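Here's the structure we're looking at; comments come further down.
Reminder, nothing fancy here: chain letters follow the sequence lines and each chain counts from 1. A quick note: this is a predicted structure, and the numbers were derived from the prediction, not measured. Atoms considered below: every heavy atom in the structure, side chains included; atoms not considered: hydrogens, waters and symmetry mates.
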Protein chains: 2
Amino acid sequence: MPHNPLPTLDDVARAAGVSTATVSRCLNKSGKVTEETRARVMKVVTDLGYTPNFSARALAAKRTFTIGAIVPTMANDIFARGLQAFQEVLNANGYTLLVSSTAYNPDREAEQVRTLIARGADGLLLIGYERDPSVYDLIEARGLPFVLSWAHRDTAPQPAIGFNNVDAMYDMARAVLDLGHRKIAVIAGVSKGNDRAADRVAGIHRAMADTGLDPTTAPVIETPYGFDTGAAVFAELMAAPNRPTAVICINDVLAAGALMQAQKMGLKVPDDVSITGFDDIELARLVTPNLATVHVPHREMGRLAAEDLIRRIETGEHGERSPLPSTLRLRASLGPPSSTS
Amino acid sequence: MPHNPLPTLDDVARAAGVSTATVSRCLNKSGKVTEETRARVMKVVTDLGYTPNFSARALAAKRTFTIGAIVPTMANDIFARGLQAFQEVLNANGYTLLVSSTAYNPDREAEQVRTLIARGADGLLLIGYERDPSVYDLIEARGLPFVLSWAHRDTAPQPAIGFNNVDAMYDMARAVLDLGHRKIAVIAGVSKGNDRAADRVAGIHRAMADTGLDPTTAPVIETPYGFDTGAAVFAELMAAPNRPTAVICINDVLAAGALMQAQKMGLKVPDDVSITGFDDIELARLVTPNLATVHVPHREMGRLAAEDLIRRIETGEHGERSPLPSTLRLRASLGPPSSTS
DNA sequence: ACGATGAATGAAAGCGCTTGCATTAGGGAA
DNA sequence: TTCCCTAATGCAAGCGCTTTCATTCATCGT
């Protein structure tokens with residue numbers, strides 16, 4: 001491994017006949033430099049192909065221009081999309097993205113936060129609210145700017161760029177109920193450590209209560225994320241004595257699995273049973289019948305989260321925090337209950 | 001922003017009554033420390049909640065335990081999956097992942113590489129072979145370990161953990177041809193700067209030549225990645241006078257778009273026209289009919305790439321480089337050409 | 001019992017950059 | 001012309017860690 005050393009600030013300073021302080025000032029646009037010297041220095045910089053060493057810069061300036069994101073997993077379209085947008089904005093502003101994932105394991109998050117702090121991240125992106133309080137302590141003790149995303153609760157103290165999962169799912173449940181469905185079942189995600197999943201179920205319950213139904217009558221089955229698990233739970237649900245006429249799924253992937261299983265079982269959707277999802281990933285428009293779901297602006301969310309976080313880092317102030325809108329996409333997988341069922 | 005300073009090596013050293021050198025040695029398991037002092041130091045470390053400052057460590061040791069990945073975009077399932085696996089292995093080995101994306105714009109890659117080098121990445125993950133030679137120069141001048149992925153060419157000098165796109169697509173094209181199809185059309189990705197896309201088309205051409213067909217007779221339409229573009233190209237293709245009996249798509253997303261469009265046009269798949277994809281993302285088993293495609297082990301690939309890269313960084317040596325296997329998944333969207341067409 | 005031997009530890013020199021403070025030079029006011 | 005003020009620049013002290021080299025000390029051979 002030949003280590004052909006990159007030129008350093010000293011090299012540039014010497015070649016330009018100025019001090020390292022001046023070169024540094026040129027590079028950091030901190031004013032206080034004649035246009036003439038700046039030009040001379042910049043020429044040397046490009047001639048030498050100089051690139052500042054970030055580690056050194058970070059050590060001296062206590063700024064890394066690095067932002068950490070901790071997501072459950074990138075292999076989930078909704079996070080991948082949001083993260084991509086997040087990264088684009090970061091890059092456009094001179095920041096670099098450090099990614100870790102928890103595989104939905106809350107315990108790993110604290111560890112990841114520690115690592116990112118040690119690495120000197122200038123800011124943090126976290127998903128949702130629910131986490132060990134010690135994690136928040138860690139971040140706040142350090143005065144580290146952060147923003148939550150993929151969720152939004154009006155009452156929560158933490159800054160969040162996201163949507164209200166309760167309300168969003170309430171709307172969908174309401175739509176289902178308004179069509180006349182009374183026998184509802186829910187395929188839920190694992191709610192432990194996942195407030196988004198929990199909130200969505202809460203939204204369904206609220207809609208039922210508002211419609212005069214007893215929320216406890218609807219079976220709610222939690223299952224890990226995935227098609228196959230969605231399919232399995234659906235099969236179980238439909239094998240039970242008192243079949244639901246509508247199955248509300250906590251996300252599109254689970255719903256797609258359910259849809260696939262329905263087909264396999266020879267059930268017509270929505271005639272025999274309605275199925276709804278959440279997220280409106282592209283898949284929703286590809287399955288047959290098209291999936292009724294809740295549209296969430298993931299890219300937009302990632303973009304806004306990045307902008308908010310950068311603002312927070314650079315100016316200390318923060319933007320508005322009103323929740324992002326989610327909108328119903330009522331597609332063919334949702335219909336009125338059949339009169340015979 | 002209250003900056004509650006994290007404890008430093010000095011703090012630990014003082015509290016443990018040893019020198020910073022000793023603490024450093026304990027932390028880096030470099031032997032040369034009595035079990036007794038190590039225990040004492042470690043206790044102080046946990047008591048104080050000490051975490052080393054990576055910037056300082058990087059500056060002093062010229063190691064960052066950071067690995068950079070430059071992908072076209074994370075918002076593409078195949079990269080997201082691979083990257084997730086890549087990141088998991090990295091994390092398990094004490095490395096952190098720095099992500100940038102190029103949005104399939106080759107020009108941006110050189111810039112990203114520079115940034116990652118300046119940030120002191122210990123290694124790099126790049127997608128495919130095709131890039132400006134200056135990028136390779138940059139990396140090699142620095143002696144920076146790297147590995148390519150998502151592609152594999154036996155003749156290429158660069159280390160790669162991937163599969164052979166030509167062969168993989170050859171197999172699929174062969175399967176299509178062997179069913180009797182003679183009028184074939186290709187929905188391709190943009191091949192400029194994307195050797196995976198180009199190689200796949202090459203595979204199709206080779207299969208045609210091997211079957212005694214003139215490769216130039218098959219229309220190849222390039223289009224950016226996406227459903228809607230896939231649908232649009234498909235519509236165009238089927239509107240032409242001499243309709244193909246089989247449309248081979250360069251990836252599953254394009255194929256899914258084509259499938260959707262076929263449905264919209266009232267065409268039966270595969271009776272009226274066969275459609276095939278590539279990648280075998282989950283969507284392939286969700287659309288109706290299920291998509292015939294080429295299965296590629298993306299997660300496995302990400303995992304292996306990470307392991308190879310780490311080995312390369314830590315020991316200088318490299319593992320084997322035989323291509324990963326891809327396998328045909330011949331599903332319902334592919335059938336023999338109808339006799340009437 | 002004494003010097004030789006080697007293992008554990010400490011002292012200190014950076015790594016490449018930023019930044020507070022000192023210094024210099026140039027320009028305007030008196 | 002002299003003096004003061006300001007803007008540009010340089011000096012040098014770190015930032016927190018690793019690592020080389022020197023030092024210390026206990027152990028062993030003779």
From [atom1] ([X]) to [atom2] ([Y]), nearest 0.5 Å:
| X | Y | atom1 | atom2 | result |
| --- | --- | --- | --- | --- |
| Ser19(A) | Arg14(A) | OG | CZ | 12.5 Å |
| Glu109(A) | Arg131(A) | CD | CZ | 4.0 Å |
| Asn93(A) | Glu314(A) | CG | CD | 6.5 Å |

- [ ] Using the six-membered ring of Phe65(B), assess whether NZ or CZ of Arg63(B) lies under 6.0 Å from its centre and within 45 degrees of the ring axis.
- [x] yes
TODO: Report the residue from Thr96(A), Asn53(A), Thr64(A) that forms a side chain to side chain donor-acceptor pair (under 3.5 Å) with Arg119(B).
DONE: Thr96(A)
Whole-Å distance separating the [atom1] atom of [X] from the [atom2] atom of [N]:
| X | N | atom1 | atom2 | answer |
| --- | --- | --- | --- | --- |
| Phe54(A) | dT18(C) | CZ | C1' | 14 Å |
| Glu36(A) | dG26(C) | CD | P | 12 Å |
| Arg57(A) | dG14(D) | CZ | P | 22 Å |
| Phe65(B) | dT18(D) | CZ | C1' | 12 Å |
| Arg40(A) | dT9(D) | CZ | P | 8 Å |
| Leu48(B) | dG16(D) | CG | P | 14 Å |
| Asp10(B) | dC15(D) | CG | P | 9 Å |
| Arg119(A) | dC15(D) | CZ | P | 22 Å |

Open item on the list: What I'd like to find out is whether the side chain of Asp308(B) reaches to under 4.5 Å of the side chain of Leu304(B), using heavy atoms alone.
Closed with: no
Would you mind telling me which of [options] lies closest to the side-chain atoms of [X]?
| X | options | answer |
| --- | --- | --- |
| Ser19(B) | dT18(C), dG10(C), dG16(D) | dG10(C) |
| Pro52(B) | dT9(C), dG10(D), dC17(D) | dC17(D) |
| Ala56(B) | dT18(D), dC15(D), dG16(D) | dG16(D) |
| Asn28(B) | dC17(C), dT18(D), dG10(D) | dT18(D) |
| Ala61(A) | dC15(D), dT18(C), dT19(D) | dT18(C) |
| Arg25(B) | dT9(C), dG16(C), dG14(C) | dT9(C) |
| Leu59(B) | dA8(D), dT9(C), dG16(C) | dG16(C) |
| Leu9(B) | dG16(C), dT18(C), dT18(D) | dT18(D) |
| Thr8(B) | dC17(C), dC17(D), dA12(D) | dC17(D) |

TODO: Assert yes or no for the condition that the ring centre distance of Trp150(B) to Phe79(B) is strictly below 6.0 Å.
DONE: yes
Task: Pair pattern of DNA chain C in dot-bracket, where unpaired bases get dots and | marks partners in another strand, Watson-Crick or G-U under 3.5 angstrom - done: ||||||||||||||||||||||||||||||
TODO: Using only side-chain N and O atoms of Ser24(B), determine if any of them is under 4.0 Å from OP1 or OP2 of dT18(D).
DONE: yes
Open item on the list: Quick check on dT18(C): is either OP1 or OP2 less than 4.0 Å from any side-chain nitrogen or oxygen of Thr20(A)?
Closed with: no
Open item on the list: Heavy atoms only, 4.0 Å cut-off, all strands: where does Ala21(A) land among base, sugar-phosphate and nothing?
Closed with: base
- [ ] Describe the nucleic acid contact of Thr37(A) in one word from base, sugar-phosphate, nothing, applying a heavy-atom distance below 4.0 Å.
- [x] sugar-phosphate
Open item on the list: Can you tell whether the side chains of Arg303(B) and Glu300(B) come within less than 4.0 Å, N to carboxylate O?
Closed with: yes
